[in-house]
Amino acid sequence: MNETTATSGVITRAELMSQPEIWQQALDLTEKHSALLPAAGEKVLVIGCGTSYYMGDAYAYLRNDAGLGRTRAAIPSELDWIDDDEHIVVISRSGTTADVVELVERYGSTHRVTAILGDTNTALGLLCADRTVHLDFADEQSIVQTRFATTGLTALRASIGQVSATLVDDARAALAAALPADPAQVQHIVFLGHRWTNGLAQEAALKVRESAGFWTEAYSMWEYQHGPISCAGPNTLVWFLGEAPEVVADDVRSTGASVYVNDLDPQANLPLVHRLAVDLAALRGRNPDTPPFLNRSVLVTD
């Protein structure tokens, strides 16, 4: 094994292992963050790309289901409209994502905009100077996001009273648990979610793709039997983020695939996913700290 392979994922692994403590820091700042984030009754639009979009989608479902006001998440390049009375929340670790910056420049003077950032010495930091949830303590060196994304979701959940009492302890349990499958044996991973955990499922699949270049998919739990299940087989791991109704799990088992579900807060599954992704990357000789073709921020937009 060469030196590059031997040290692959050192930075990512250290960052993902810090999540319980980092989440607790965010929870300790709930009062400060809640003063900036949307209040009950406001209409909310969450904007982000990639990982940030998936965290926004999870928050949107939670906020809608809590009856706190219409909430939606969108990718800026696919956005059809913005209502005059929407509170816009933008999520960007780097603070430099081009299409997010462009949107804030366009609507910052007409809408209330709040930014969740890892770095405020940036274009978005300057544009949202007075309305920034600054998560510098969760920022990362690795290109692949782990703790910044989950800490942002922690802050959003806390602002609407939707953090389980066991969240931090569950994250610690996820870091100590056995992996759901032997990385050397699994060939295909499917993540299934429902409502707010759909975003978590998409994020889990993205982490495995980015880190390991591995075949992975994500679906709404109740959509999986409508076609995608036909790809499952003996070397498939189907991971439920939250509940696993027997009517779905039994059909998965009939394919020869393995079913995995646990009792952790669904968000706490992500550190376990991160661990599996790093191990898969090591087996494939890939460094998740600097995956091919990826950068910390996408700076060019059409």
Side-chain angles (χ1 to χ4, degrees), residues 2-19 22 46-58 73-78 90-103 115-119 121-125 135-136 138-153 183 186 188-191 199-218 269-302:
N2 62 40
E3 184 178 353
T4 300
T5 301
T7 58
S8 16
V10 169
I11 294 172
T12 305
R13 190 178 296 277
E15 289 171 346
L16 76 87
M17 294 297 290
S18 71
Q19 286 175 100
I22 298 294
V46 188
I47 293 292
C49 299
T51 288
S52 296
Y53 166 67
Y54 297 138
M55 297 299 97
D57 186 66
I75 302 162
S77 59
E78 301 294 334
V90 297
I91 306 174
S92 174
R93 177 181 65 171
S94 69
T96 59
T97 308
D99 36 4
V100 178
V101 172
E102 182 183 346
L103 183 140
I116 300 176
L117 304 176
D119 185 353
N121 189 28
T122 59
L124 283 173
L135 302 180
D136 55 331
D139 203 357
E140 299 153 325
Q141 290 179 267
S142 176
I143 287 175
V144 174
Q145 286 195 52
T146 55
R147 72 183 185 191
F148 178 80
T150 56
T151 303
L153 181 57
V186 68
H188 175 212
I189 305 174
V190 179
F191 295 97
L200 301 185
Q202 293 291 341
E203 170 61 7
L206 179 62
K207 286 290 91 78
V208 176
R209 290 188 205 109
E210 289 177 329
S211 299
F214 194 82
W215 180 22
T216 182
E217 303 170 77
N269 278 254
L270 290 179
L272 186 55
V273 172
H274 299 155
R275 289 174 51 216
L276 178 59
V278 169
D279 283 4
L280 285 167
L283 281 173
R284 298 165 70 87
R286 183 170 164 126
N287 186 350
D289 298 342
T290 55
F293 315 118
L294 294 180
N295 297 299
R296 178 176 163 87
S297 174
V298 178
L299 301 177
V300 179
T301 188
D302 186 356

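FYI, side chains are in, hydrogens and waters are out, and symmetry mates aren't considered; it's all heavy atoms of this structure. Here, residue 1 is the first one in the sequence, and each next residue gets the next number.
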Are the side chain of [X] and the backbone N or O of [Y] linked by a donor-acceptor pair below 3.5 Å?
X: Lys207; Y: Val278; answer: no
X: Asn287; Y: Gly9; answer: yes
X: Arg286; Y: Ser211; answer: yes
X: Thr216; Y: Ile189; answer: yes

Restricting to non-hydrogen atoms, name the atom on [X] and the atom on [Y] that form the minimum distance, rounded to 0.1 Å.
X: Leu200; Y: Ala58; value: CD2-CB, 4.4 Å
X: Ala281; Y: Ala212; value: N-CB, 3.6 Å
X: Ala218; Y: Gln202; value: O-NE2, 3.3 Å
X: Ser92; Y: Leu124; value: CB-CD1, 3.6 Å
X: Gly56; Y: Val46; value: CA-CG1, 3.6 Å
X: Val100; Y: Pro76; value: CG2-CG, 4.1 Å

Handout entry: Ser94 side chain near Thr122 side chain, heavy-atom distance below 4.5 Å
Key = no
Practice task
Could you tell me whether the side chain of Gln145 reaches within less than 4.5 Å of the side chain of Ser52, counting heavy atoms only?
Solution key: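 A side-chain contact under 4.5 Å exists here.
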Once you round to the nearest 0.5 Å, how far does [atom1] of [X] lie from [atom2] of [Y]?
X: Asp139; Y: Arg147; atom1: CG; atom2: CZ; answer: 7.5 Å
X: Asn269; Y: Leu276; atom1: CG; atom2: CG; answer: 11.5 Å
X: Ser77; Y: Leu103; atom1: OG; atom2: CG; answer: 10.5 Å
X: Thr96; Y: Asn121; atom1: OG1; atom2: CG; answer: 11.5 Å
X: His188; Y: Phe214; atom1: NE2; atom2: CZ; answer: 8.5 Å
X: Asp289; Y: Glu15; atom1: CG; atom2: CD; answer: 7.5 Å

Practice task
Test Asp279 against every option in Arg13, Arg284, His274 by the side-chain hydrogen bond (donor to acceptor under 3.5 Å, both in side chains) rule and name the one that passes.
Solution key: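 Among Arg13, Arg284, His274, the one that satisfies the side-chain hydrogen bond (donor to acceptor under 3.5 Å, both in side chains) with Asp279 is Arg13.
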Handout entry: Flag for Thr146-Glu140: side-chain donor and acceptor within less than 3.5 Å
Key = yes
Exercise for the section: Identify which one of Thr51, Ile22, Leu135 satisfies the side-chain contact (heavy atoms from CB on, under 4.5 Å) criterion when paired with Phe148. Expected result: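 The side-chain contact (heavy atoms from CB on, under 4.5 Å) with Phe148 is passed solely by Leu135 among Thr51, Ile22, Leu135.
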